[in-house]
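Report on one structure; see the data block that follows.
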Protein chains: 2
Amino acid sequence: MESEVSQCRVEEALGIVVGKWKPVIILYLLHEGTKRFSELKRSMPGITQKMLTKQLRELEEEDIIKRVVYPQVPPKVEYSMTDYGRTLSPILEAMHEWGTNHVIHKQTIKVVEKEA
Amino acid sequence: MESEVSQCRVEEALGIVVGKWKPVIILYLLHEGTKRFSELKRSMPGITQKMLTKQLRELEEEDIIKRVVYPQVPPKVEYSMTDYGRTLSPILEAMHEWGTNHVIHKQTIKVVEKEA
DNA sequence: CGGTATCCGACACGATACTG
DNA sequence: CAGTATCGTGTCGGATACCG
């Protein structure tokens with residue numbers, strides 16, 4: 001098996017989860033199930049409607065989340081993970097765990113550097 | 001356990017591996033061991049010296065890779081993964097695998113859409 | 001309620017040239 | 001060989017305003 005740099009498919013996965021709010025959205029929907037647009041917005045202080053809409057559309061485009069519109073007034077739109085989207089769960093959880101540890105590791109590095 | 005959006009640490013991990021060439025560099029060093037700057041450059045067609053240097057410096061900064069300079073003429077610099085950097089391996093491999101499957105999945109989606 | 005439309009700044013990335 | 005330095009560009013994300 002040749003170690004061909006050109007056939008690295010990490011970018012394919014990264015492209016899905018990269019984005020200021022995408023990991024948060026995915027983890028939130030994974031843990032909380034189905035949520036309305038306004039609930040998502042309320043759960044993410046600082047996000048603008050434009051950004052939330054954009055990130056949701058991109059995730060929907062990649063079949064990670066499902067968007068259901070209820071034709072009524074006032075409008076109601078619900079978002080949830082697709083079965084396929086749920087396959088991202090191990091990766092996201094692994095990154096969350098690694099990231100948590102990394103925060104600690106960075107402190108360790110700084111201490112070592114100071115002692116040197 | 002509260003599902004607090006603000007304490008999502010996925011970004012911490014993402015910040016390390018995001019970058020046009022970082023996943024490629026990491027996977028290459030994971031698989032091939034220690035490599036010189038020129039070997040890395042030769043293995044990544046299209047990368048510029050500036051970008052390679054920058055990505056390597058950032059990975060070194062986070063203690064993912066190790067940089068060893070041999071004080072001689074002409075210069076020789078070797079790069080390799082740190083033990084800590086190797087802890088990224090499961091995540092990178094998982095993303096590579098997921099990404100490989102995603103390429104196939106996208107085709108499936110398009111077919112389904114056309115039939116609809 | 002759940003969106004669009006428009007403008008704008010920051011920065012990632014690239015091309016190119018120069019250096020100990 | 002293994003880098004800097006400089007300049008240019010496109011995309012991402014934020015602020016703000018308006019709409020069915």
Side-chain angles (χ1 to χ4, degrees), chain A residues 5-6 8 10-26 28-29 32-62 64-80, chain B residues 5-6 8 10-26 28-29 32-62 64-80:
Chain A
V5 152
S6 55
C8 166
V10 174
E11 307 288 355
E12 289 287 339
L14 271 180
I16 305 297
V17 295
V18 165
K20 183 81 175 283
W21 305 95
K22 280 180 189 169
V24 179
I25 293 171
I26 295 172
Y28 187 68
L29 289 179
E32 305 286 322
T34 303
K35 288 290 169 186
R36 296 184 61 169
F37 184 87
S38 51
E39 291 177 300
L40 286 164
K41 182 152 170 27
R42 224 173 310 122
S43 303
M44 296 168 216
I47 197 171
T48 60
Q49 289 202 342
K50 176 196 162 187
M51 279 312 297
L52 181 53
T53 302
K54 195 186 168 208
Q55 310 273 295
L56 288 170
R57 287 291 190 285
E58 289 172 7
L59 290 172
E60 188 194 0
E61 179 78 14
E62 300 285 353
I64 306 301
I65 65 175
K66 192 168 42 187
R67 178 172 180 264
V68 179
V69 183
Y70 296 87
Q72 60 186 44
V73 180
K76 176 180 170 183
V77 181
E78 282 184 345
Y79 294 90
S80 57
Chain B
V5 152
S6 55
C8 166
V10 174
E11 308 286 355
E12 291 286 339
L14 270 180
I16 306 297
V17 295
V18 163
K20 183 80 176 282
W21 304 95
K22 280 179 189 170
V24 179
I25 292 171
I26 295 172
Y28 187 67
L29 288 179
E32 306 285 321
T34 302
K35 288 290 168 184
R36 297 183 61 167
F37 185 86
S38 51
E39 292 178 300
L40 286 164
K41 182 153 169 27
R42 223 174 309 122
S43 303
M44 295 169 217
I47 197 172
T48 61
Q49 289 202 344
K50 177 195 162 188
M51 278 314 297
L52 181 53
T53 301
K54 195 186 170 211
Q55 309 273 297
L56 288 170
R57 286 292 189 285
E58 289 172 8
L59 290 172
E60 188 194 1
E61 180 78 15
E62 299 287 354
I64 306 301
I65 65 175
K66 191 168 41 188
R67 178 172 180 264
V68 180
V69 182
Y70 296 86
Q72 60 186 45
V73 180
K76 175 178 169 183
V77 182
E78 283 184 345
Y79 293 92
S80 58

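Protein chains get the first letters and strands the later ones, always in sequence-line order, with residue 1 at the start of each.
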Next item on the list: For A:E78, answer base if it contacts any base atom (sugar-phosphate contacts may also be present), sugar-phosphate if it contacts only those atoms, and nothing otherwise; contact means non-hydrogen atoms under 4.0 Å.
Entry: nothing
Margin query: Looking at B:K20, I'd like to know whether one of its side-chain N or O atoms comes within less than 4.0 Å of OP1 or OP2 on C:dA12.
Written below: no
Note to self: On the nucleotide C:dT16, are OP1 or OP2 found under 4.0 Å from the side-chain N or O atoms that B:Q49 carries?
What the structure shows: no
Margin query: What is the distance, to the nearest angstrom, from the CD1 atom on B:I16 to the C1' atom on C:dA12?
Written below: 16 Å
Next item on the list: For B:Y79, report the nucleic acid contact type (base, sugar-phosphate, nothing); a contact means any heavy atom under 4.0 Å.
Entry: sugar-phosphate
Margin query: Tell me whether the side-chain N/O atoms of A:T53 come closer than 4.0 Å to OP1 or OP2 in C:dG3.
Written below: no
Notebook entry, point to check: Reckon B:K41 touches a base, only the sugar-phosphate, or nothing at all at heavy-atom distances under 4.0 Å?
Noted result: nothing
Next item on the list: Could you tell me whether B:K35 atom NZ has more than 12 heavy atoms of other residues or ligands within 6.0 Å of it?
Entry: yes
Next item on the list: Look at atom NZ of A:K41 and say whether more than 12 heavy atoms of other residues, nucleotides or ligands are closer to it than 6.0 Å.
Entry: yes
Notebook entry, point to check: If you look at every strand shown and take non-hydrogen atoms under 4.0 Å, does A:G19 touch a base, only sugar-phosphate, or nothing?
Noted result: sugar-phosphate
Checklist line | Among D:dG3, D:dA5, C:dG2, the one nearest B:K50 by side-chain distance | finding: D:dA5
Next item on the list: Mind calculating the distance between CG (A:L14) and C1' (C:dA12) to the nearest angstrom?
Entry: 15 Å
Notebook entry, point to check: How do A:E58 and A:P75 order along DNA chain D: which one's closest nucleotide is nearer the 5' end?
Noted result: A:E58
Checklist line | Side-chain touch A:K22/A:I16, heavy atoms, less than 4.5 angstrom | finding: no
Note to self: Please report the distance, rounded to the nearest Å, between CD in B:Q55 and P in D:dG3.
What the structure shows: 14 Å
Margin query: Expected output check: what is the dot-bracket annotation of DNA chain C, where ( ) and [ ] are pairs inside the strand (brackets for crossing ones), | is paired with another strand, and pairs are Watson-Crick or G-U under 3.5 Å?
Written below: ||||||||||||||||||||
Next item on the list: Please determine, for the side chain of A:R36, which listed nucleotide (C:dC1, C:dG3, C:dT16) has the closest atom?
Entry: C:dC1
Notebook entry, point to check: Starting at the 5' end of DNA chain C and moving along, which residue's nearest nucleotide shows up first, A:S38 or B:G46?
Noted result: A:S38
Next item on the list: Would you mind reading off the distance between A:I47 atom CD1 and D:dG13 atom P, rounded to a whole angstrom?
Entry: 10 Å
Checklist line | Heavy-atom check, side chain of A:Y79 versus side chain of A:L59, under 4.5 Å | finding: no
Margin query: What's the closest nucleotide to the side chain of A:T48 if the choices are D:dT16, D:dC1, C:dG3?
Written below: D:dT16
Note to self: Please tell me if A:W21 has a side-chain N or O lying less than 4.0 Å from either OP1 or OP2 of D:dC12.
What the structure shows: no
Next item on the list: Would you mind reporting whether A:V24 and A:I47 have side-chain heavy atoms less than 4.5 Å apart?
Entry: no
Check: Taking only side-chain nitrogens and oxygens of A:R57, does any of them come within less than 4.0 Å of OP1 or OP2 of C:dG3?
Finding: yes
Next item on the list: Rounded off to whole Å, could you give me the CZ-to-C1' distance for the B:R67 and D:dC1 pair?
Entry: 12 Å
Margin query: Assuming nearest nucleotide by heavy-atom distance, tell me which of B:V18 and A:E39 is located more 5' along DNA chain C.
Written below: A:E39
Checklist line | A:M51 CE to C:dT6 P, straight-line distance once rounded to whole Å | finding: 18 Å
Margin query: Looking at A:E61, I'd like to know if its CD atom is crowded, meaning that more than 12 non-hydrogen atoms belonging to other residues, nucleotides or ligands lie closer than 6.0 Å.
Written below: no
